[in-house]
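To find a chain, count down the sequence lines: A is the first, B the second, and so on, and within it residues start at 1. This is a predicted model, so every value here is computed, not measured.
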Amino acid sequence: MDRVLLRRRGDAVAVHEGDGTVTEVPADGLPALVRARAGVRWVWDDTTRWYPALLAAGVRVERCTDLRLCAAVLRRSPHAARGPAEDPGWAALEPVTAGDPALFDLADPADALDPVAEDRRQQAVLAASPQRARLGLLLAAESSGALAAAEMTHTGLPWRADVHDRLLTGLVGPRPAAGLRPPVLEALAGEVRVALGTPDLNPDSPAVLLRALQTAGLPVEDTRSWTLERFEHPVVAPLLEYKRLARLLAANGWSWLDTWARGGRFRPVYLPGGVVTGRWASSGGGALSVPVQVRPAAVADDGWCLVVADVAQLEPRVLAGMSADTALADAARSADLYAGMVDAGVVATRAEAKVGVLGALYGGTRGESGRMVPRLARRYPRAIGLVEEAARAGERGAVVSTLLGRGSPVPGAAWAERDADLGEAPEPGGRDSDRARRAWGRFTRNFVVQGTGAEWALCWLADLRNRLWRLGEERLGEERLEERPHLAFFLHDEVVVHTPAELAADVATEVRAAAATAGRLLFGTFPVDFPLDVAVVRSWADAG
DNA sequence: TTGCTTAGCGCC
DNA sequence: AAAGGGCGCTAAGCAA
């Protein structure tokens, strides 16, 4: 397969062929060039600096190498062999978003970097890695994720502002003028003020509210919902309702609609690799925490459907695979892993299974969770052993890694930060640093599983992206991405595909096939299943 | 005015 | 019911 590197040269683009030939094309000729060379792996500094313009010109890229993301993976990976030093400019390079001044800035820091040298360096590091295949897969998956992210921002998630508006109006009354509360919230605020005897209270201020609650005789130290729920007092019911609605309005109310859901699409900005574990982050619009409450507004276009798919219990399944724990994999043969554990007689109830597994993944030590973990350890020694070892490594200050080789950060400044985060007064005898070490151990324990889960999801997404493209080619013959079945949303272990209705059943098949591919890519022939819940729906809210 | 932290809560 | 890991976002509140 051809690898062709693109490098910006003022208003032109230098095209570096694999054989060393370099040609130049004007920047506005790039879409035609890329379109004409299907199958090439395009190598570039940063997908966010190249791909949006290509997509806007109607050109889809099949595969790429994103040097910025790959450099970030290699920088941390314990499987990356030492090689020539990396230009620190790569670590400082920030992704850009549409409308970002950096896009049009003549002084884009990306232009000061040498992508040819960096590509050569990365190839050498990879070639020398003792885990070349896994690390190579990770780099390919990470780069493919960058393409999928740009495409999802380009196509967006279909979003019906009228449905969203009716939903808000039904809950809080008509949209008020700027700076005012809608009627239902104003009424609830009034009830709260009466119940507390504070006519001027602003319930949006936690500090003021806390003092008012204490003055009214409630022995509370904070104003969290689950704290308030414990008390029988006339203020509790209206205050909880106020907080629930005020939260919705602040996070996903009318101003969210104005800002993020224009033109019938919600276009979040995804940040692949934005979380240390390898999960994506997002920027703007709160894409990764769209409340269930507003999901009815995500409605497919006329004649189209949403295919919503999520993996049940991704992380324990990933743990079974990466630890080659056949007993846990047996439980995972069931569509409900927790039910599988009950059937195997490991625990008595599904609730015990769940709390035990979460305790093992997160490092729970107290309560029911702490009591369950030893029982799981007897039954699943390899799986529990793997996360326990990751926790011990973290406590020692060692680096841990995911299955494909993403490395955890070294506990340096972060270690001290966590100390401060705990907010505890320093104690004599080093107990404070013990606490920090255990906290870091919980982080590394979760890192290996959350990170490998993210790798599975990336492989799933990458394979599905190609399957959907081919499906559109074969069945529709449409040229443009947005006219074919396409990824519309991605959230850790869930995808939403927007598809012409007549292809929905085929899309469901491809979604499952891609999950099977991801399992094989990560775990080979080890028998661990990744069953999906797949729903073909008009609205996102109708799934699950 | 801008920029930062904190409290609180939404998602996985 | 909360705990244990990872995030982003908003309003409030404060500092500069």
Considering just the side-chain nitrogens and oxygens of A/Ser283, establish if one lies under 4.0 Å of OP1 or OP2 belonging to C/dG8.
no
Over how many whole Å does the gap from A/Arg442 atom CZ to C/dG6 atom P extend?
9 Å
Out of B/dC12, C/dG8, C/dA2, which has the shortest distance to the side chain of A/Ser282?
C/dG8
Considering just the side-chain nitrogens and oxygens of A/Ser289, establish if one lies under 4.0 Å of OP1 or OP2 belonging to C/dC9.
no
For the side chain of A/Arg279 and the base of C/dC7, is some donor closer than 3.5 Å to an acceptor across the two?
no
Inter-nucleotide P distance (B/dC9, C/dA1), Å rounded:
14 Å
Relative to the ring of A/His486, is the ring of A/His498 parallel (under 30°), tilted (30 to 60°) or perpendicular (over 60°)?
perpendicular
Which nucleotide sits closest to the side chain of A/Phe443: C/dG5, B/dG10, B/dG8?
C/dG5
Look at all strands and tell whether A/Gly359 reaches a base, only sugar-phosphate, or nothing, counting heavy atoms closer than 4.0 Å.
nothing
Would you indicate which nucleotide in C/dA2, C/dG6, B/dC11 comes nearest to any side-chain atom of A/Trp226?
C/dA2
Of the options B/dC12, B/dC9, C/dC7, whose atoms approach the side-chain atoms of A/Asp493 most closely?
B/dC12
Any side-chain N or O of A/Ser225 under 4.0 Å from OP1/OP2 of B/dC9?
yes
A/Ala207 has its side chain closest, among B/dC12, C/dG13, C/dA11, to C/dG13
Rounded to whole Å, how long is the line connecting atom CZ of A/Arg438 with atom C1' of C/dG5?
16 Å
Using modelled atom types and a 3.5 Å cut-off, is there a donor and acceptor pairing between side-chain atoms of A/Lys243 and backbone atoms of A/Pro203?
no
Which part of the nucleic acid does A/Val449 contact within heavy-atom distance under 4.0 Å: base, sugar-phosphate only, or nothing?
nothing
Counting only side-chain heavy atoms from C-beta out, which of B/dG10, C/dA12, B/dC12 sits nearest to A/Glu494?
B/dC12
Does OP1 or OP2 of C/dA12 have a side-chain N or O of A/Asn202 closer than 4.0 Å?
yes
The test is ring pair (Phe, Tyr, Trp, His ring centres under 6.0 Å); show your working for A/Trp460 and A/Phe530 and say whether it passes.
CA-CA 11 Å; A/Trp460 182 38; A/Phe530 293 89; 9.7 Å; no
Nearest listed nucleotide, side chain of A/Arg247, among C/dC9, C/dG6, C/dG13:
C/dC9
Regarding A/Arg224, tell me which of base, sugar-phosphate or nothing describes its non-hydrogen contacts under 4.0 Å with the strands shown.
sugar-phosphate
Specify whether A/Phe443 and A/Phe447 have parallel, tilted or perpendicular ring planes, treating 30° as the upper limit for parallel and 60° as the lower limit for perpendicular.
perpendicular
Categorize A/Gly274 for me: base, sugar-phosphate, or nothing, with a 4.0 angstrom heavy-atom threshold over every strand shown.
nothing
Assign A/Arg244 to base, sugar-phosphate, or nothing according to its heavy-atom contacts below 4.0 angstrom with the strands shown.
nothing
For A/Leu361, report the nucleic acid contact type (base, sugar-phosphate, nothing); a contact means any heavy atom under 4.0 Å.
nothing
Side-chain atoms of A/Leu491 come closest, of C/dA1, B/dC12, C/dG6, to B/dC12
Considering only NZ, NE, NH1 and NH2 on the basic side and carboxylate oxygens on the acidic side, decide whether A/Glu241 and A/Arg244 come within less than 4.0 Å.
yes
Between atom CH2 in A/Trp256 and atom C1' in B/dC11, what is the gap in whole Å?
14 Å
Between A/Lys243 and B/dC9, is there a contact of a side-chain N or O with OP1 or OP2 at under 4.0 Å?
yes
Classify A/Asp222 by what it touches in the nucleic acid, base, sugar-phosphate, or nothing, heavy-atom distance under 4.0 Å.
sugar-phosphate
Give me the distance, rounded to whole Å, that separates C/dA3 from B/dA7 when you measure between the P atoms they each carry.
15 Å
Expressed as a whole number of angstroms, how long is the span from A/Tyr270:OH to B/dC11:P?
16 Å
A/Gln313 CD to B/dC12 C1': how many Å, rounded?
14 Å
From B/dA7, C/dG6, C/dA3, pick the nucleotide closest to the side chain of A/Val355?
C/dA3
Could you verify whether a donor N or O on one side chain and an acceptor N or O on the other, from A/Asp204 and A/Tyr242, lie under 3.5 Å apart?
yes
Touch class at under 4.0 angstrom, heavy-atom based, for A/Glu368 against every strand present:
base
Could you give the OH-to-C1' distance, from A/Tyr362 to C/dG5, as a whole number of Å?
6 Å
With a 6.0 Å cut-off on ring centres, are A/Phe266 and A/Trp256 close enough?
yes
Nearest-angstrom distance from the residue atom CG of A/Leu245 to P of B/dG10:
11 Å
Distance alone, cut at 3.5 Å: any donor-acceptor contact between the side chains of A/Asp325 and A/Ser323?
no
DNA chain C: A/Ala281 or A/Glu229, which has the more 5' nearest nucleotide?
A/Glu229
Report the distance from atom CG of A/Leu314 to atom C1' of B/dC12, rounded to the nearest whole Å.
10 Å
Of A/Arg230 and A/Gly286, the one whose closest nucleotide on DNA chain C sits nearer the 5' end is A/Arg230
